[in-house]
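These notes are about the structure you will find just below.
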Amino acid sequence: MNERPRILVVDDEPQLTRVLRTGLKSRGYDVRAAADGLSGFETFNDWHPDLVITDLAMPTVDGLELCRRLRSISQVPIIVLSAKGEEKTKVEALDLGADDYVTKPFGIDELLARVRASLRRAITQSKSEPEQTIFESGDFHVDLESRKVTVRGSEVHLTPKEFDLLVYFVKHAGRVLTHRTLLAAVWGGDYVEQDQYLRVFIGNLRKKLEKEVSGQNYIVTEPWVGYRFNPGT
Amino acid sequence: MPALPERKWTGYLLAVLSVGALTLVLKLLGGHVNATTVSLALLLNVLFIATRWGSVPAMLASVFAMLCFNFFFLPPFGTFTIAAADNWIALFAFLITAVTAGQLSAHARKRAEEAESGKREIGRLYDELREAFERASHAEALRQSEKLKSALLDAVTHDLRTPLTSIKASITTLLDELRGEPPLALDRESRIEMMEVIDEESDRLNRFINGLIDLARIEAGELQLRRRWGVVDEIISAALARAEPITRQRQIELEVEKELPGVRVDERAVSEVVYTLLDNAAKYSAPGSRIRISAQRAGAELIQMSVADEGRGIAPDLRERVFDKFFRATRDGDVTTRQPSGTGMGLAIAKGIVEAHGGKIWIESTSAGKGTRVVFTLPIGAEDVGEDRQYSMSASDKL
């Protein structure tokens, strides 16, 4: 990654791109802006940013299509700017590969926090080896070979599905994961509509994890969207 | 409808009993009645049975009446033999008349019943259809109403939230700098830019709210026109002066017919219409392109004004819809441009104002074949027109 992380802002509202450009630049980011998905995609190919922030409703190529196109060629972190009432589109964007979302209107600090988290995850993922069998994330230590999980040093006994679910969470810590994404990853593509499976397993997993560390909310519910795994300190 | 068995047997019984009773009465009258009176009375009875009970009881009544007529009233009395040849003729004439009249009456009755039944059926079907149509129209009206409400909500939330987002992001950046945690040093240009965004977006919110108020006034019939005699050049000049910042990068061409008569209009409102059209023309055309404003007479009683640009134009199927509230061709239609989208209120308000003056507004292709030309007419007006006039959108326009 460059010394000054590059951020591409794609939004058809010129005032917002002006503000984001100034706000992000003042925080040490290198910023470019595009007015729609098409020019955003062109800028991405020419400039190779480290992160993309995109609006959803735009003329020509909208935010969803941009997510689809970007994911077909890159794993760059994508943060979508959504509005209340656009939940369906937001979930669609996350399913298409967006990493996070910020709901309008937002304060610059909230956006900056999401930007930092997404860039951190991108660095962690790029450093991890393909054959990695041990994952360390916050309070969690997960050994894929022995299928052992410890939280703050205490072993937690999980069923095979609970283990798979937790591994997926640990691997994507901090990211918003939609119900469909989790169901497809753990149960397979035929189960993407079976939200009840997920609710039951999430409930069980929370009970077991909170038994070890009470008061810590490791699996955060993102209303109407999915879950975000917060691995703790 | 087939007769019920009880009803059928009642008909037969009454046919026999009525003929029997009538024969008894006629016999008791003895010398006061002649054969002709008897035959007519019995015939009347057959007709009654036919109209009330149908053809088969009428047939039974006819035969029974013929037998009674022969037995009791044709000499020799008390036998079924007939002495005189003319009595045979009378008897057969009676029988044929009774049977024919009976059948005709029964048939007429049946037809009348069928007609009545058909009428009832048509009435029932009509009622059912009417109810079905009413239900369907009600459902359609509800659906349209919900759709409009949803469009209104979408438009309002989007147009309020978008500038709010820019304002909030600017303010929080400036606050971060003031608080200094974490330390943040904005340069002077950045600070000015943030302040400018806040200023411009506040104006945008204000314009949006003013537009909502204007639309609400039009819909509520509270748009007050203050008609005065005015000059078209002045109306256009006022709009051009106001639109100067947005049309600075366009070539403005003015074509106003010489010696145009004065018009009796609300000058401020008409100037608002021209400004809206100029704003749209500038918004949806490229810098350096031409915007042509024209005004001329259209017949003895109308002034026609138009604003034409060299932008992408509006598809013919969207040219009426752009006057709908909150409809935006760049978002809701098939126009795919990178140009900014308006609030979807300007043309709806312009239409309200023009129609309030008794004029019309429409969109047509430019003579050059590209771009948009919005044309509106205004009646020149007369001395006897009231100073003020209230206007409201038609019921179908209302949300």
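Chain letters run A, B, ... following the sequence lines, proteins first and then strands; every chain starts at 1. This one's a predicted model, so the numbers in the text were calculated from it and none came from an experiment. Excluded from the calculations below are hydrogen atoms, water molecules and symmetry mates; all remaining heavy atoms, backbone and side chain alike, are included.
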Per-residue tally against chain A (heavy atom, under 4.5 Å) across E177(B), E200(B), E189(B) peaks at E200(B)

Please look at T162(B) and chain A and tell me whether the side chain, the backbone, both or neither of the residue comes under 4.5 angstrom of a heavy atom of that chain.
-> side chain

Answer yes or no: is there a side-chain heavy-atom contact under 4.5 Å between E13(A) and T165(B)?
-> no

Is Y168(A) atom OH crowded by more than 12 heavy atoms from other residues, nucleotides or ligands, each under 6.0 Å away?
-> yes

Smallest heavy-atom separation, T173(B) atom then S26(A) atom, equals CG2-OG, 4.5 Å

In terms of side-chain geometry, is the basic nitrogen of E110(A) or K168(B) positioned less than 4.0 Å from the acidic oxygen of its partner?
-> no

Find the distance between OG1 (T22(A)) and CG (L174(B)) and round it off to the nearest 0.5 Å.
-> 10.0 Å

Heavy-atom count around W47(A) CH2 within 6.0 Å, excluding the residue itself: above 12?
-> yes

Of all of D176(B), I198(B), L186(B), which one pairs up most often with chain A through heavy atoms under 4.5 Å apart?
-> D176(B)

Is the CZ atom of R206(A) crowded by more than 12 outside heavy atoms at less than 6.0 Å?
-> yes

Sub-3.5 Å donor-acceptor pair from the side chain of S170(B) to the main-chain atoms of V19(A), do we have one?
-> no

Over 12 non-hydrogen atoms of neighbours within 6.0 angstrom of CD in E320(B) = no

Heavy atoms of I108(A) and T172(B) approach each other most closely as N-OG1, 2.8 Å

Taking only Lys NZ, Arg NE, NH1 and NH2, and the carboxylate oxygens of Asp or Glu, determine whether R18(A) and E196(B) approach each other closer than 4.0 Å.
-> yes

